[in-house]
Amino acid sequence: MRDIRVATVQFQHAAGDKAYNFGRIRHFATEAARARVEMIAFPEMCLTGYWHVRKLSRAAFEALAEPVPDGPSTRDLLHLSREHGMTIGAGLLERAPDGGVYNAYVVAMPDGAWAVHRKLHVFEHPNICAGNRYTVFDTPHGCRVGVLICYDNNMVENARATALLGAEILLAPHQTGGCHSVSPRGMKPIDPAVWARRHEDPAACEAELRGPKGRAWLMRWLPSRAHDNGMFVLFSNGIGPDDDEIRTGNAMVLDPYGDVIAESRALGDDMVVADLDASVLPTSSGRRWLRARRPELYESLTRPTGQEQETRRVRFGE
């Protein structure tokens, strides 16, 4: 890997309005180009909208999806990537050739190459399909990149597998914070009244978004994905109302020690830029620990316990 300047974005998407959402992507990509950014990460399903899809009929849900790479959104991303010489990642619903619909993340690269990750742990709609493979690829910028979407990052095995496939940078697009977790000490909804008064009382709103309903919850586990696996992490997220939930933003970049090197505190759409120092990777704790692994001991990690359930049941306590 070489040194590279990156950016990550938080923005409030418009449900089902791909034209508006791509306009926000174009806006931030243009700003990033002015800052000489080479790679930028946008949130999960930011092109299609996210939380409203669970209420859609099967026909409406499928109509919102499009093929990759031949659909209009991927073509637009590839054009924008070539225009700015920048690798751009953004989320959408993918319609596969067999008709299956996936929560997907497209990464468009300036040389015309592309990659797509299909979320492994899905719950957004009764008819959504789960991906079945990891996504790690080389970029024209001299770095190897992996993608895990939102809930994928909750599983320590997924981050480790991605690192073992050679990822140096992990794109971690989310729509999170303000969720109603069934765990008593998990995330809880953001107070709509506090959000509504964010301009009159920004300190109260910032405390709400950065507390245990948002950033503080992330800080319990997200830095360990970077630290334990020796990867840079680009965390992107929604911000503000998303159907009946309020996303908490906190777009951030973490280094391979799990330290936050750039972060947004904005109460609205925002982008942060960071310079990744490749020299810290080889001797980072996580990279050294990977070399001390003993794979012969890990058979139990692949053996079903009988307690596994579909993510939807776990997510909603069904």
Side-chain angles (χ1 to χ4, degrees), residues 1 4-10 39-41 43-44 89 105 120-121 134 136 143-179 181 183 185-188 206-239 247-266 270-293:
M1 177 179 168
I4 182 172
R5 179 167 291 181
V6 301
T8 186
V9 172
Q10 62 186 45
M39 182 181 301
I40 187 169
E44 173 185 17
Y105 196 76
L120 307 173
H121 300 272
Y134 294 109
V136 180
C143 55
R144 192 159 170 80
V145 172
V147 182
L148 292 172
I149 300 173
C150 204
Y151 207 102
D152 293 350
N153 291 277
N154 294 356
M155 308 294 133
V156 295
E157 295 90 342
N158 291 336
R160 174 53 54 89
T162 300
L164 290 175
L165 288 170
E168 298 159 324
I169 300 174
L170 176 65
L171 306 183
H174 280 65
Q175 293 290 346
T176 196
C179 302
S181 171
S183 298
R185 295 173 62 185
M187 282 185 295
K188 298 303 173 189
E206 183 174 328
E208 184 84 344
L209 300 187
R210 294 177 66 83
K213 301 174 181 178
R215 185 185 189 276
W217 174 77
L218 289 170
M219 290 298 103
R220 293 178 186 171
W221 60 269
L222 183 61
S224 70
R225 303 300 182 265
H227 177 278
D228 295 354
N229 298 289
M231 295 187 289
F232 292 97
V233 175
L234 275 59
F235 170 86
S236 54
N237 197 17
I239 180 70
R247 304 285 166 241
T248 55
N250 302 126
M252 67 180 83
V253 179
L254 298 94
D255 74 8
Y257 287 95
D259 288 332
V260 177
I261 57 176
E263 179 180 7
S264 174
R265 302 174 71 104
D270 196 23
M271 175 181 75
V272 294
V273 175
D275 291 314
L276 307 189
D277 179 359
S279 70
V280 306
L281 267 178
T283 56
S284 64
S285 299
R287 288 279 150 170
R288 292 171 51 244
W289 293 350
L290 289 179
R291 294 194 292 272
R293 293 174 66 249

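When a residue number appears, it is its place in the shown sequence, counting from 1.
Atom NE2 of residue His227 and atom OG of residue Ser285 lie 4.0 Å apart, to the nearest 0.5 angstrom. The CE atom of Met219 sits 7.5 Å away from the CG atom of Asn250 when rounded to the nearest 0.5 Å. The SG atom of Cys150 lies 4.5 Å from the NE2 atom of His174; values are rounded to the nearest 0.5 Å. For the atom pair CG (Leu120) and CD1 (Ile149), the distance works out to 8.0 Å, reported to the nearest 0.5 Å.
Between Lys188 and Glu208, none of the side-chain N atoms (NZ, or NE/NH1/NH2) sits under 4.0 Å from a carboxylate O, so this pair counts as no salt bridge.
The two atoms that bring Cys143 and Ile4 nearest to each other are SG-CD1, 4.1 Å, heavy atoms only. Summarising the geometry of Trp289 relative to Asp228, their closest heavy-atom pair is CZ3-OD1, 3.6 Å, with the distance given to 0.1 Å. Nearest heavy atoms, Ala262 versus Val273: CB-O, 3.6 Å. Minimum interatomic distance between Leu290 and Ala163 (heavy atoms only, all atoms of both residues): CD1-CB, 4.3 Å. For the pair Ala159 and Met231, the tightest heavy-atom approach, listed with the atom from each and the gap, is O-CE, 3.8 Å. Residues Asn153 and Leu148 approach most closely at ND2-O, 2.9 Å, considering heavy atoms.
Contact of the Leu234 side chain with the Leu170 side chain is not registered, since no non-hydrogen atoms from C-beta on lie closer than 4.5 Å. Two residues are said to be in side-chain contact when any heavy atoms from C-beta on lie closer than 4.5 Å; Pro173 and Tyr105 meet this criterion. With contacts defined as side-chain heavy-atom distances shorter than 4.5 Å, the pair Ile40/Thr8 does not qualify. At least one side-chain heavy atom of Asp255 sits less than 4.5 Å from a side-chain heavy atom of Phe232. In this structure the side chain of Met1 reaches within 4.5 angstrom of the side chain of Leu281, judged on heavy atoms. Side-chain atoms of Met155 and Arg225, non-hydrogen and from C-beta on, never get closer than 4.5 Å to each other. Contact annotation: the side chain of Asn158 approaches that of Tyr134 to within less than 4.5 Å [non-hydrogen atoms, C-beta and beyond]. Here the side chains of Leu222 and Trp217 are not in contact, with every heavy-atom distance at 4.5 Å or above.
Ring geometry, His121 versus Tyr151: the interplanar angle falls from 30° to 60°, so the pair is classed tilted.
Under the 3.5 Å distance criterion, the side-chain polar atoms of Asp259 are left unmatched by any main-chain donor or acceptor of Ile261. Using modelled atom types, one side-chain atom of Arg287 and one backbone atom of Gly230 make a donor-acceptor pair closer than 3.5 Å. In terms of modelled atom types and a separation under 3.5 Å, the side chain of Glu263 and the main chain of Met252 share no donor-acceptor contact. In terms of modelled atom types and a separation under 3.5 Å, the side chain of Asp270 and the main chain of Val9 share no donor-acceptor contact. No donor-acceptor pair under 3.5 Å is formed between the side chain of Ser183 and the backbone N or O of Arg185. The closest donor-acceptor contact from the side chain of Gln175 to the backbone of Glu44 lies under 3.5 Å. Not a single donor-acceptor pair under 3.5 Å links the side chain of Ser264 to the backbone N or O of Ala251.
Side-chain contact check for Arg160 and Asn229: at least one donor-acceptor pair (N or O, by modelled atom type) lies under 3.5 Å.
Scored by the salt bridge (charged side-chain N to carboxylate O under 4.0 Å, His left out) test, Arg144 finds Asp138 as partners (sequence neighbours excluded).
Each of Leu276, Asp275, Val233 was checked for a side chain to side chain contact (heavy atoms under 4.5 Å, CB included) with Val253, and the lone residue meeting it is Leu276.
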Can Gln10 and Val272 be said to form a side-chain contact (heavy atoms from CB on, under 4.5 Å), step by step? CA-CA 9 Å; Gln10 62 186 45; Val272 294; over 6 Å; no

Apply side-chain contact (heavy atoms from CB on, under 4.5 Å) to Asp152 and Val147, showing your working. CA-CA 9 Å; Asp152 293 350; Val147 182; over 6 Å; no

